Peer 1: 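Encoded as structure tokens, here's the structure I'll be asking about.
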Amino acid sequence: MKIVSETFMNSNSYLEDNGQPAIAAMVLMGGWFEGLYISTQLVDMNDFNGNKLVGRIIDQKLSIDILLSLLESSKGNPAVDELIIQVKKLKVVFDKIKLTTSRVRPEFDKASNTTVLKSEVKTDMTPAVFKELSATVAEIRSTFVK
Amino acid sequence: MRIYRIIPMLALFMIATTVNVDAQCKAFAKKVCLPELGAYTHDGNYHAAVLVEGEEAELYKTFYSDMEYRVAICGEDKLPNIEFRVLDSNKNELYSNKGANFAKTWDFKLQSSQQLKLVVKVSSFNKPGNTPASGCVAIMFGFKIKK
């Protein structure tokens, strides 16, 4: 896992360094989409409530605006412009999911010398919205793999 | 006059990207700051730039529950202390290294995933009349999956 992650990330860093930020952004987005696609396909709808994988998929809502900003920094490239359109379609679905986080309370754990940021999150994602998200991801991904 | 540089970042599952890394500072980040991550797996991003005394930089990143993180922030020796603060989405301060003798690293984990903001500031030598010191400042993130 460590080798694959570092290889992927170092490749991305290489593209950035060599004046290819648009390609770097597209590669990154492609990886993110594929991960999201695989995850949504793996969810067993009979085990939806409290499913950790569903939780991690919902977490991607936190990143989609940053993803769009990343792509917009390479706006003007036709391939990137097309990706922006697709990501905005996905954002429409993510915007239907409400995420409410309680106040964050940092607590220092002496045993592990680590700070735990305590908070609780509530979400109102329904199976119907999840299915819409899953279908949208699959549809967008199919345009990439054509 | 303080200059704010907002560096948008994307952390996805376990991947991210970088924006505008000065090549010389990247070498500094790799050589000096990367080892500070210790046993944590580097997330592949090199966030490094030349900053001047008194200058601030901001960075946004999404962190996930069920993972442990280390942030390492390093400045070249010619710079004064580097202060960094971590804020939540409501701008509440969660951590400041000022109270930890300007420690270079901070280990943390989250009960629930969220986007945090890091504010990095190069403090000042307080020597008016001197040319302000400038040098590379690198911000590195490492992670490990919580057992």
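So you know, we letter chains A, B, ... as the sequences are listed, proteins then strands, and number each from 1. The structure displayed is predicted, hence computed values, not measured ones.
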Peer 1: Any residues in residues 79-94 of chain A near chain B, with a heavy-atom distance under 4.5 Å, and which are they?
Peer 2: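 None at all.
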
Peer 1: Over all heavy atoms of both residues, which pair between B:Gln114 and A:Thr101 is shortest? Give the atoms and the distance, please.
Peer 2: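 So the minimum-distance heavy-atom pair works out to NE2-CG2, 3.9 Å.
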
Peer 1: Could you check whether any side-chain N or O of A:Arg103 sits under 3.5 Å from a backbone N or O of B:Asn92, counting only pairs where one atom can act as donor and the other as acceptor?
Peer 2: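 No; zero donor-acceptor contacts below 3.5 Å.
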
Peer 1: Is B:Val122 reachable from B:Val32 through a run of I, L, V, M, F, W or Y residues, each pair having side-chain heavy atoms under 4.5 Å apart?
Peer 2: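 B:Val32 and B:Val122: separate clusters.
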
Peer 1: Which residues from residues 71-84 of chain B are near chain A, with near meaning under 4.5 Å between non-hydrogen atoms?
Peer 2: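 The list, in residue order, is empty: none.
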
Peer 1: In terms of hydrophobic clusters joined by side-chain contacts under 4.5 Å, are B:Val50 and B:Phe125 together?
Peer 2: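 No, B:Val50 and B:Phe125 fall in different hydrophobic clusters.
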
Peer 1: For the atom pair CG (A:Asp59) and OG (B:Ser65), what is the distance rounded to the nearest 0.5 Å?
Peer 2: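 So the gap between those two atoms works out to 5.5 Å.
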
Peer 1: Taking atom CG of A:Leu62 and atom OG of B:Ser112, what is their separation to the nearest 0.5 Å?
Peer 2: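 It is 9.5 Å, given to the nearest 0.5 Å.
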
Peer 1: If you measure from OG1 on B:Thr62 to CG on A:Leu67, what distance do you get to the nearest 0.5 Å?
Peer 2: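 Between B:Thr62 OG1 and A:Leu67 CG, I get 10.5 Å after rounding to 0.5 Å.
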
Peer 1: With rounding to the nearest 0.5 angstrom, report the NZ to CD1 distance, B:Lys61 to A:Ile66.
Peer 2: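 Reported to 0.5 Å precision, the distance equals 9.0 Å.
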
Peer 1: Linking I/L/V/M/F/W/Y whenever their side-chain heavy atoms sit closer than 4.5 Å, directly or via other members, would B:Val52 and B:Val120 fall into one cluster?
Peer 2: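 No, separate clusters.
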
Peer 1: Please state whether the side chain, the backbone, both or neither of B:Asn90 comes within less than 4.5 Å of a heavy atom of chain A.
Peer 2: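 Looking at B:Asn90, nothing touches chain A.
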
Peer 1: Heavy-atom cut-off 4.5 Å, strictly under: side chain, backbone, both or neither for A:Lys61 against chain B?
Peer 2: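 Interface part for A:Lys61: neither.
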
Peer 1: Once rounded to the nearest 0.5 Å, what's the spacing between atom OH of B:Tyr95 and atom CZ of A:Phe108?
Peer 2: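 It is 9.0 Å, given to the nearest 0.5 Å.
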
Peer 1: Residues two or more places apart in sequence or in another chain: which of them pass side chain to side chain donor-acceptor pair (under 3.5 Å) with A:Glu132?
Peer 2: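 Counting only residues at least two positions away or on another chain, A:Glu132 forms a side chain to side chain donor-acceptor pair (under 3.5 Å) with A:Lys96.
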
Peer 1: Under 4.5 Å between side-chain heavy atoms, counting indirect links through other Ile/Leu/Val/Met/Phe/Trp/Tyr residues: same cluster for B:Phe102 and B:Phe108 or not?
Peer 2: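 As far as the 4.5 Å side-chain criterion goes, B:Phe108 and B:Phe102 are not connected within one cluster.
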
Peer 1: If we only count heavy atoms from C-beta on, is the A:Arg56 to B:Asp66 side-chain gap below 4.5 Å?
Peer 2: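 Result yes, sub-4.5 Å side-chain heavy-atom pair found.
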
Peer 1: Any side-chain heavy atom of A:Ser69 within less than 4.5 Å of one from B:Tyr60?
Peer 2: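 Not in contact.
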
Peer 1: Which residues from residues 110-125 of chain A are near chain B, with near meaning under 4.5 Å between non-hydrogen atoms?
Peer 2: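 Against chain B, the residues of residues 110-125 of chain A that fall inside the cut-off (heavy atoms, under 4.5 Å) are A:Ser112, A:Asn113, A:Thr114, A:Thr115, A:Val116, A:Leu117, A:Lys118, A:Ser119, A:Glu120, A:Val121.
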
